[in-house]
Protein chains: 2
Amino acid sequence: MQARRYHHGDLRAALLASAERVLRERGSGELSLRELAREAGVSHAAPSRHFKDKQALLDALAREGFDRMDAALRAAVAAAGESFADRLDALARAYVGFATGNAVLLDLMYTVKHDAAASAELAAASRRLGELAFSLLTDAQARGEIPAGPVEAIGLPVFSTLHGFADLAVNGTLTPADVTAGLGPVVAYMLRGCGG
Amino acid sequence: MQARRYHHGDLRAALLASAERVLRERGSGELSLRELAREAGVSHAAPSRHFKDKQALLDALAREGFDRMDAALRAAVAAAGESFADRLDALARAYVGFATGNAVLLDLMYTVKHDAAASAELAAASRRLGELAFSLLTDAQARGEIPAGPVEAIGLPVFSTLHGFADLAVNGTLTPADVTAGLGPVVAYMLRGCGG
DNA sequence: ACATCATTGTTGTCGCTGCCTACATTGGCA
DNA sequence: TGCCAATGTAGGCAGCGACAACAATGATGT
C-alpha cells in the first residue's frame, strides 16, 4: 500500500477493476459509484472526473469486455488447426468459454442500449466479433471446404448460433452439463448449415 | 376514473402494466417502485404488499413476458402451413417479431439471474420455448422431412440460432435492414443444419 | 526557475430511492 | 355480526447519483 496522496495515479483503471469485481460478485444492479470510490480510497465525487455518470462506467466496462473477448477469440482460432472444422470448433469453444467465464459482463455487453452514442460504439464492437466468423467462412470457401456463395448468407446465421448458444448457457436456460454435451452437436450443425 | 377508495382493486395488475410501459419507454434501470405507486394513486409502501422488492416485480414481468411469447409463437406456428419449412419460417419470424417488438422485456427475460429461486423458474420458462422448436423437429422427423436421429442434436442448435439472431436484432448489433435481409438466409441455414 | 492553469481531487448538499416498522381500513368468512 | 387476514398508509432511515463550489497538483511554456 501506498501513502494516501492527493492524486490517485490511475483512478480510472482502479475504478474499472473494482467495478468488474463487483459485477462478477454481485451483478450490475448492485454497483455503486460511491462504493467504488471508497474502495479506491478517494472521495465520493472523484469518479465523476473519469465517468460522467454510472452508465458511462458501465459502457466503458462493456467496451473493455468486447476488446478482451475479441482477443480471446482470435487467439483461440490462431492456436487451432488448419481445417475449417477445427477452427470453427475452436471459435465456438472460445466464445462459450468467455461467455460462461464472464457471465455478467457478457450480459452488460449485449444489453439493450438507451443511449444512441454508446449504442453505436458497442454495436460496432459486436459486429467486429461477427466479422471474425465471417473471415473463417471466406477462408473456408477459398480453400474449397465449403461451397462458394455470398458469405452473408452463412456468416450471420453462424454468428447467431454461436451467440445464441452462449447466451442460453449464460442466462441459466442451459445447465453446465447441457453446455458441454451440446457444444459438439452445435458445431456439427453449423458445419452442415454452411454446406460443409 | 374512479373515486379514490382505500383498496385499489387490482393494484398488482396495475403495477405490472405501469412497469411494462416504463420499461418500454425508459429501460429497466429507470424503473422506480415509488413512481409506479404514484401513478397507481397509492402510497409508496403499497407495492410491497404485492412484490417483496423491486427484483420480485422484475421477475414477475419476465415471467409474464415468457407466457406472452410462448402464446405468440404457438399461435404463429399453428397459423402456418403444414410443411416443416413453412412452420420453421413462421417460428423464426414470430420469435424475431416478438423480440424486436418487446426489446427491453426480452432483455429482462434473458438477463443473468442472481437469485437461485427466480433463476430456476425463468430458466424453466425459457426451456419451454425451446421445446416448441423441439416439437417442430420431431414432427418433421416423423413426416420424413428431415433425417431421423436424436432430436437433441438439432433442437438445441436450432433454438440457439433463433435466440441468437433475435438477440443480435434487439441489442443493436443488427440494423432493422439487416434483420429483414437476414431472416430468409437464417431459415435456409437452419434447414440445412437439420439435414433437410 | 517559476508562474500559469487544466486536470484531478474534496466537501457539502439536494432530491430521490428502496426498504423497514408501526398503524389504519377494509371486506370476506365463521 | 364480529373477527381477522389482506391490503393500504404514514413516517423514517441510510444510501445513492448528480451537481456546485472550492483545493491541490503537476505539466508546460517562457
Side-chain angles (χ1 to χ4, degrees), chain A residues 1-62 104 108 111 113-115 117-118, chain B residues 1-62 104 108 111 113-115 117-118:
Chain A
M1 270 301 177
Q2 173 109 328
R4 291 267 319 272
R5 292 176 315 182
Y6 193 89
H7 283 112
H8 176 284
D10 197 356
L11 181 55
R12 186 189 153 91
L15 291 172
L16 284 174
S18 276
E20 216 218 309
R21 198 178 36 66
V22 171
L23 211 65
R24 192 178 295 275
E25 290 170 2
R26 306 209 299 277
S28 69
E30 302 298 311
L31 198 144
S32 139
L33 292 178
R34 286 169 109 108
E35 181 189 347
L36 298 182
R38 257 175 264 133
E39 249 172 56
V42 296
S43 76
H44 66 260
S48 73
R49 296 292 172 194
H50 302 275
F51 305 99
K52 86 172 212 299
D53 59 20
K54 191 174 177 172
Q55 190 55 52
L57 184 143
L58 292 175
D59 289 346
L61 226 33
V104 184
L108 194 62
T111 206
K113 286 60 158 201
H114 302 283
D115 171 69
Chain B
M1 270 302 176
Q2 175 108 330
R4 291 268 317 274
R5 291 175 318 184
Y6 192 89
H7 282 111
H8 177 283
D10 197 358
L11 181 55
R12 186 189 153 92
L15 291 172
L16 284 173
S18 275
E20 217 219 307
R21 197 177 37 67
V22 171
L23 210 65
R24 193 179 294 275
E25 290 170 2
R26 310 209 296 276
S28 69
E30 301 299 312
L31 198 141
S32 140
L33 291 179
R34 285 169 109 108
E35 181 189 347
L36 298 182
R38 257 175 263 133
E39 250 173 55
V42 295
S43 77
H44 65 262
S48 72
R49 297 292 171 193
H50 301 276
F51 305 100
K52 84 172 214 297
D53 59 18
K54 190 174 175 170
Q55 190 55 51
L57 185 144
L58 292 175
D59 289 345
L61 228 32
V104 184
L108 194 62
T111 205
K113 284 56 155 210
H114 302 284
D115 171 68

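The basis for the numbers below is simple: all heavy atoms, side chains too, and nothing from hydrogens, waters or symmetry mates. Per chain, numbering begins at 1; letters A, B, ... match sequence-line order.
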Rounded to the Å, how far apart are B:K52 NZ and D:dT7 C1'? 19 Å

What pairs of residues pass the side chain to side chain donor-acceptor pair (under 3.5 Å) test when at least one of them lies in residues 52-62 of chain A, not counting sequence neighbours? A:Q55-A:D59

A:H7 side chain to A:G9 backbone, donor-acceptor under 3.5 Å: no

For B:L31, answer base if it contacts any base atom (sugar-phosphate contacts may also be present), sugar-phosphate if it contacts only those atoms, and nothing otherwise; contact means non-hydrogen atoms under 4.0 Å. sugar-phosphate

OP1, OP2 of D:dC16 versus side-chain N and O of A:R38: anything below 4.0 Å? yes

Nearest-nucleotide pick for A:D53, side chain only, options being D:dA18, C:dT10, D:dT9: D:dA18

Spacing of B:L11 atom CG relative to C:dT26 atom P, expressed in whole Å: 16 Å

B:E35 side chain, from C-beta outward: closest of D:dG8, C:dT17, C:dG9: C:dT17

B:L36 CG to D:dG8 C1', straight-line distance once rounded to whole Å: 16 Å

Distance check, rounded to the nearest 0.5 Å: B:T111 atom OG1 versus B:L58 atom CG? 9.5 Å

Side chain of A:H50, base of C:dG9: donor and acceptor closer than 3.5 Å? no

So if I take every side-chain heavy atom of B:R49 and compare against C:dT11, C:dT8, C:dC23, which nucleotide ends up nearest? C:dC23

Is the shortest heavy-atom distance from the side chain of B:H50 to the side chain of B:L16 under 4.5 Å? no

Nearest-Å distance for atom pair CG/P, residues A:L33 and D:dC16: 9 Å

Within this structure, what is the CZ-to-C1' distance between B:R34 and D:dC16, rounded to whole angstrom? 13 Å

To the nearest Å, give me how far apart CZ (B:R12) and P (D:dG8) are. 12 Å

Any side-chain heavy atom of B:R49 within less than 4.5 Å of one from B:H8? no

Among D:dT9, C:dT17, D:dA18, which nucleotide sits nearest the side chain of B:S32? C:dT17

Tell me the interatomic distance from A:D10, atom CG, to D:dG26, atom P, rounded to whole angstroms. 15 Å

When rounded to whole Å, the CD to C1' distance for the pair A:E30 and C:dT17 reads 14 Å

Quick check: any donor-acceptor pair below 3.5 Å linking the side-chain of A:H44 to the base of C:dG12? yes

